[in-house]
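What follows is a short report on a single structure.
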Amino acid sequence: MREEVHDCLRLFVVTLIILNSFACFYYYIPWIIGGENFPEYSWPVRVNVSLGNNITMLKAYTESMLCVVCHFFGAGEGLHGTDLRDGLQKLMLVIVMISGRVWTLYVIACILKIFSVVTISESKYEEYLLQLEVFMRQKRLPQVLRSRLLEYYRYKYQNHFFNEQAIFATLSAYLRQELMLYGARKLITKVELFRAFPRSVVGAIIGNARQIVYLPKDFIAKRGDVADEIFFISSGTVALTNLDNEELAHLEDGDEIGLIGAFTANPYIYNYNYFAVETTEVYSISKKEFRALIFDQEDLLKYFSKKVQEKIDNYRSVELSYQVHGYDLLSELSSGKILERPRLRPTHFEN
């Protein structure tokens, strides 16, 4: 559900709470002040909701709420009106009327603010798309490439355009780091490496990383490339294939690509291809920056170096089994590598 709908629901619930409070006060304050000794012109006697008449609580609450709602929104005096001699009722209703006018103005201002911000961001997004359309026509891009560009920007901005760099430029370094950590909170909980590092180190890694969106069939890394960057999958699915284009594994949320390069003295060369199966968002950081940030975590580095090497060895064993036993279609179907179980994903990424 969109945040704007949540804000509108919150205003509606708060309005109901205010009306309920005023209805209770409107009914009980006369009994607190005067007990049962009310003159005939008082509103409980005129409406026939006095304690001595064996009335139900529902009737008393309904009569109180009806009068409060009418005066709170300025809709009239209600069914029974007021008596000029009942000063207590007039005082309470004046308070209700003033509170109602102030709250109504506040609600209108909030609603106008909510939808004006949405409209401005959407209009900027439409203007941005118009510029993109002109650019694609001028460059005479093929329809397939145009569709991929439009899909990329739709996932990147979610139909709302904002200048993230300009916003972050006005913040302090500490506040920027806090916002980045909050935006990557789901990734941090899924990556075992991040859970083991101190918060300051994780914040530095996230702060130096770039968010990249890959469309389906986009290559993240190819066989023979040097692993100069480390990729942490925030959302999506990445397929790992060998030279014969056989899928050895699927990497998902929280998995990493190229981390082995940070633990080797010599440049690490990718032995497999990595490409996005669905629209995938990753956090990318250079190997040099990553090493500089974790240089004092020797024990953790040894532990994760061993785990990453075990993962690489597992890929090799799967590849070897393909070469020895061939490609078993039934085994692949049963394991879910060909036809995966459907998963529900949000239509937006973390920002």
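Since we're looking at a predicted model, the values are computed, not measured.
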query = How about Y283 and R210: do any of their side-chain heavy atoms sit closer than 4.5 Å?
reply = no

task = Calculate, to the nearest 0.5 Å, the distance between atoms CE and SG belonging to M97 and C70 respectively.
result = 11.5 Å

query = How about F232 and K190: do any of their side-chain heavy atoms sit closer than 4.5 Å?
reply = no

ask   = What distance separates E133 CD from R137 CZ, expressed to the nearest 0.5 Å?
value = 6.0 Å

query = Heavy atoms, side chains only, cut-off 4.5 Å: are M65 and L19 in contact?
reply = yes

query = About how many Å separate OG1 of T280 and CD1 of I212, when rounded to the nearest 0.5 Å?
reply = 12.0 Å

request  = May I ask you to decide if G236's main-chain N or O and D253's side chain share a donor-acceptor pair within less than 3.5 Å?
outcome  = yes

inquiry  = Under a 3.5 Å threshold, yes or no: a donor from one side chain and an acceptor from the other, between T237 and E278?
reply    = yes

remark   = Note: G261 and Y268 closest approach over all heavy atoms is CA-CB, 3.8 Å

message = Could you see if V96 belongs to whatever hydrophobic cluster contains V14? Use Ile, Leu, Val, Met, Phe, Trp, Tyr and a side-chain cutoff under 4.5 Å.
response = yes

message = Between R223 (side chain only) and Y270 (backbone N and O only), is there a donor and an acceptor less than 3.5 Å apart?
response = no

ask   = Rounded to the nearest 0.5 Å, how far apart are NE2 of H250 and CG of D255?
value = 11.5 Å

inquiry  = Using side-chain heavy atoms (C-beta onward) and a distance below 4.5 Å, is R316 in contact with L248?
reply    = no

task = For E310 and N314, run side chain to side chain donor-acceptor pair (under 3.5 Å): C-alpha distance rounded to whole Å, both residues' side-chain angles, the deciding distance at 0.1 Å, then the answer.
result = CA-CA 6 Å; E310 290 175 353; N314 182 57; over 6 Å; no

ask   = Can you tell if the side chain of L93 reaches within under 4.5 Å of the side chain of C67, non-hydrogen atoms only?
value = yes

ask   = Could you give the distance from CD1 (I230) to CZ (F290), rounded to the nearest 0.5 Å?
value = 4.5 Å

request  = Might you point out which heavy atoms bring G254 and V191 nearest each other, and give the distance in Å?
outcome  = O-CG2, 3.4 Å

ask   = Considering all heavy atoms of both residues, which atom of I285 and which atom of I205 are nearest to each other, and what is their separation?
value = CD1-O, 3.9 Å

ask   = Taking the side chain as C-beta and beyond, is there a heavy-atom pair between D225 and Y274 under 4.5 Å?
value = no

note = Note: F219 and Y214 closest approach over all heavy atoms is O-CE2, 3.8 Å

key: Shared hydrophobic cluster, I269 / I260 (ILVMFWY, side-chain heavy atoms < 4.5 Å)   = no

key: L193 reachable from I312 in the ILVMFWY side-chain graph, under 4.5 Å edges   = yes

Non-hydrogen side-chain atoms of K311 and K307 separated by less than 4.5 Å = no

request  = Could you tell me how the ring of Y272 sits relative to the ring of Y315: parallel (under 30°), tilted (30 to 60°) or perpendicular (over 60°)?
outcome  = perpendicular

D244 side-chain N/O to E246 backbone N/O, donor-acceptor pair under 3.5 Å = no

remark   = Between R195 and I188 the two heavy atoms that sit nearest each other are CG-O, 3.4 Å

ask   = Does the side chain of E151 reach to within under 4.5 Å of the side chain of P216, using non-hydrogen atoms?
value = yes

ask   = Are I95 and I18 connected in a single hydrophobic cluster, I mean Ile/Leu/Val/Met/Phe/Trp/Tyr linked by side-chain heavy atoms less than 4.5 Å apart?
value = yes

task = Hey, can you tell me if F22 and F72 have their rings parallel, tilted or perpendicular (30° and 60° cut-offs)?
result = tilted

query = Quick one: CH2 on W103 to CZ on F73, what's the gap to the nearest 0.5 Å?
reply = 10.0 Å

key: Same cluster (ILVMFWY, side-chain, under 4.5 Å), M136 and L145   = yes

task = Determine the sole option in V201, I206, L181 for which the side chain to side chain contact (heavy atoms under 4.5 Å, CB included) test with F194 is passed.
result = I206

key: Minimum heavy-atom distance R140-R146, with the two atoms named   = CA-NH2, 4.4 Å

